[in-house]
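Being a predicted model, the structure only gives us computed values, none of them experimental. The sequence lines fix the lettering, A, B, ..., with proteins before strands; numbering per chain opens at 1.
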Amino acid sequence: MRANYLIVLIGPTGVGKTSTSLAISNRFNAPIISADSRQFFKEMKIGTAAPTPNQLKEADHYLVGHKSITERYSCGMFEMDALSILNNIYQTNPMAMLVGGSMLYIDAVCSGIDDFPTPDAELRESLEKQLKEDGIEALRAQAKLLDPEQYNKIDLKNPQRVLKVVEVCLQTGKPYSSFLNQQKKKRPFTTIKVGLNRPREELYSQINSRVDQMIEDGLVDEAKKLYPYKGSNALKTVGYREIFEYFDGKITLDKAIELIKRNSRRYAKRQLTWWARDNEIKWFNPEEQENIMEFIETEVNKKQSP
RNA sequence: GGUGCCAUAGCUCAGUUGGUAGAGCAAAGGACUGAAAAUCCUUGUGUCCGUGGUUCGAUUCCGCGUGGCACCA
């Protein structure tokens, strides 16, 4: 049986994944699947630094702008979409690439994620209301009752975590922990993980100037069109939230820009924290393109002839 | 040129009636199973401008120097 490969290209926001991905794609004839939880949405092009039409022409791309912000999308759905696309690609081509910055989504494709029911919108809403009115204490008490095992594991100060446990328990009648299986899923492909990073200072100044570029490219106009949907999950995102605050008169535009920069920097830091524990990743500076190519080639050869 | 004010964390500043110092922001570290560009936790990083003096002891008081700001010429 022929081996299939998935080149996984990751790195913090603004490090330069897109251009590196095009080079790798061309070199190894590997179609690109985006793993960017905000570039999925077709209305959010500028604020997510989505690949331009020209860049999209340079290689085959999947899962970029394939959803609307009015639709609900989750990392479980992404896992299924990505796997089915990969399955198609591997019919004719042993190489594919996963590129993005959404940590959980990438892990879902590489090692799988346990099956949870899709959340019920009404239940979510009522739990959110409860959280707002009665505070996190009330939800905590429910979580403790419904799933004591999970209650002991989660961060009790984090409302999203507590709410999720209660939600799953109420929706299914079974404890949240019963859905956890902790096992890595078997995948019909070998992953080659390439991480991109640069010195922190350099990364930050790149992030800052990319935000300025977004403003120049018309982020404010893009956000204006999306303002009516500002409650949607997709738009709870760096780059849009801050502009919405400006529209609401809460802050000045300059302040909004400053906050977008800061929040992007913090996001980059969170990404790096997540990946720090993944020792399958081989890290490179994006400038060392030839080294990256060599590394991928070696890995392919190594894994082909054990 | 003269007079006055200021000089403390990356930034804006507080403070020590003389016993080597603390806020906000920025930043750093961490967690993470369908909201994940989300959500949450932890942390003060310092030649207190330089130099001489007084003092057991000076970032603090005094002199001088340097830099900045303001006003007067």
Side-chain angles (χ1 to χ4, degrees), chain A residues 10-15 17 34-41 44 46-50 67 69 71-82 100-121 123-125 127-128 131 136 139-140 147 150 153-165 167-168 171-172 176-185 200-201 203-204 207-208 210-211 214 219 231-243 255 258-278:
Chain A
I10 57 162
T13 189
V15 78
K17 290 187 292 292
S34 166
D36 188 304
S37 71
R38 291 301 185 266
Q39 287 180 11
F40 300 146
F41 300 100
M44 303 166 64
I46 299 173
T48 61
K67 287 280 162 188
I69 50 168
E71 295 175 85
R72 220 184 160 79
Y73 200 57
S74 69
C75 80
M77 293 157 87
F78 173 76
E79 181 193 9
M80 291 195 306
D81 287 346
S102 301
M103 307 87 91
L104 184 61
Y105 286 61
I106 290 160
D107 285 1
V109 173
C110 294
S111 11
I113 189 167
D114 292 316
D115 291 323
F116 280 92
T118 348
D120 178 79
L123 178 62
R124 169 67 60 90
E125 223 171 279
L127 288 172
E128 270 169 2
L131 175 67
I136 193 169
L139 276 181
R140 251 184 236 157
D147 190 348
Q150 196 61 16
K153 278 193 227 159
I154 57 167
D155 177 2
L156 295 171
K157 287 182 180 164
N158 189 330
Q160 285 189 2
R161 295 279 130 73
V162 180
L163 190 145
K164 187 69 201 167
V165 171
E167 180 183 72
V168 170
Q171 194 176 327
T172 62
Y176 179 99
S177 45
S178 71
F179 292 92
L180 297 176
N181 138 20
Q182 311 279 15
Q183 264 185 356
K184 271 194 152 191
K185 288 185 184 162
R200 194 63 70 89
E201 221 174 285
L203 177 65
Y204 281 4
I207 288 173
N208 293 343
R210 194 172 74 159
V211 172
M214 286 176 184
L219 179 60
S232 82
N233 184 49
L235 288 171
K236 285 183 189 164
T237 297
V238 176
Y240 295 90
R241 268 183 170 179
E242 296 86 352
I243 303 279
K255 182 72 182 169
E258 195 188 311
L259 288 175
I260 293 172
K261 290 176 180 173
R262 183 198 68 183
N263 292 337
S264 300
R265 277 180 252 135
R266 290 181 175 173
Y267 173 49
K269 201 154 85 74
R270 270 180 278 134
Q271 291 175 300
L272 290 169
T273 299
W274 179 288
W275 290 318
R277 65 184 169 188
D278 186 343

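Taking only side-chain nitrogens and oxygens, A/Arg200 comes nearer than 4.0 Å to OP1 or OP2 of B/rA28. For A/Arg72 and B/rA35, the shortest distance from a side-chain N or O to OP1 or OP2 is below 4.0 Å. Residue A/Arg277 places no side-chain N or O under 4.0 Å from the OP1 or OP2 atom of B/rG30. Side-chain N/O atoms of A/Arg270 include none lying less than 4.0 angstrom from OP1 or OP2 on B/rA31. The side chain of A/Asn233 contributes no N or O atom lying less than 4.0 Å from OP1 or OP2 of B/rG34. Side-chain nitrogen and oxygen atoms of A/Tyr267 include none within less than 4.0 Å of the OP1 or OP2 phosphate oxygen of B/rU39. For A/Arg241, a side-chain nitrogen or oxygen approaches OP1 or OP2 of B/rU39 to under 4.0 Å. Residue A/Tyr105 places at least one side-chain N or O closer than 4.0 Å to OP1 or OP2 of B/rA36. The side chain of A/Lys164 contributes no N or O atom lying less than 4.0 Å from OP1 or OP2 of B/rU33. For the OP1/OP2 pair of B/rA36 and a distance below 4.0 Å, the side-chain nitrogens and oxygens of A/Ser102 include no atom meeting the criterion. Close to B/rA27, at under 4.0 Å from its OP1 or OP2, lies a side-chain N or O of A/Arg266.
Across all strands, A/Leu163 comes closer than 4.0 Å to base atoms (heavy-atom distances). Among the protein residues, A/Asn263 comes within range of no part of the nucleic acid, since none of its heavy atoms lies under 4.0 Å from any strand. Contact annotation for A/Tyr240: no contact, since no heavy-atom pair falls under 4.0 Å across all strands. Residue A/Gly47 is classed as a base contact, given a heavy-atom separation below 4.0 Å to a base. A/Phe41 comes within 4.0 angstrom of nothing in the nucleic acid, heavy atoms only. At a threshold of 4.0 angstrom between heavy atoms, the contacts of A/Arg124 include nucleobase atoms, whether or not backbone atoms are also involved. Looking at heavy-atom distances under 4.0 Å, A/Gln150 makes no contact with the nucleic acid at all. Among the protein residues, A/Ser264 comes within range of no part of the nucleic acid, since none of its heavy atoms lies under 4.0 Å from any strand. Residue contacts shown for A/Asp107 are absent, as no nucleic acid heavy atom lies under 4.0 Å away.
Separation of the P atoms belonging to B/rU66 and B/rG50 is 16 Å when rounded to the nearest angstrom. B/rG19 and B/rA28: their P atoms are spaced 35 Å apart (whole Å). Straight-line distance between the C1' atoms of B/rU45 and B/rC40: roughly 24 Å, to the nearest whole Å. For the P atoms, the distance from B/rG24 to B/rU20 is 23 Å, rounded to whole Å. Rounded to whole Å, the P atom of B/rC13 lies 14 Å from the corresponding atom of B/rC69.
Contact check for A/Phe116 versus A/Leu180: side-chain heavy atoms found under the 4.5 Å cut-off. For the pair A/Phe41/A/Leu235, no side-chain contact is recorded, criterion being any heavy-atom separation below 4.5 Å from C-beta on.
With B/rA36, B/rU39, B/rC32 as the choices, the nucleotide that has an atom nearest any side-chain atom of A/Gln160 turns out to be B/rU39. The nucleotide whose nearest atom lies closest to any side-chain atom of A/Lys236 is, among B/rG34, B/rU33, B/rA35, B/rA35. Nearest to the side-chain atoms of A/Pro119 among the listed nucleotides B/rG34, B/rC40, B/rA28 stands B/rG34.
The distance between atom CG of A/Leu104 and atom C1' of B/rA36, rounded to the nearest whole Å, is 6 Å. A/Ile106 places its CD1 atom 11 Å from the C1' atom of B/rA36, with the value rounded to the nearest Å.
Every residue two or more places apart in sequence or in another chain was checked for a salt bridge (Lys or Arg N to Asp or Glu O under 4.0 Å) with A/Arg210, and none qualifies. With sequence neighbours excluded, the residues that form a salt bridge (Lys or Arg N to Asp or Glu O under 4.0 Å) with A/Lys261 are A/Asp212.
For B/rG34, the O4'-C1' to base torsion is within 90° of 0; the nucleotide is therefore syn.
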Would A/Glu79 and A/Lys185 count as a salt bridge (Lys or Arg N to Asp or Glu O under 4.0 Å) if you check the C-alpha gap in whole Å, the side-chain angles of each, and the deciding distance to 0.1 Å? CA-CA 12 Å; A/Glu79 181 193 9; A/Lys185 288 185 184 162; 3.6 Å; yes
Nucleotide pairing, RNA chain B (Watson-Crick or G-U, distances under 3.5 Å), in dot-bracket with [ ] and |: (((((((..((((.....[..)))).(((((.......))))).....(((((..]....)))))))))))).
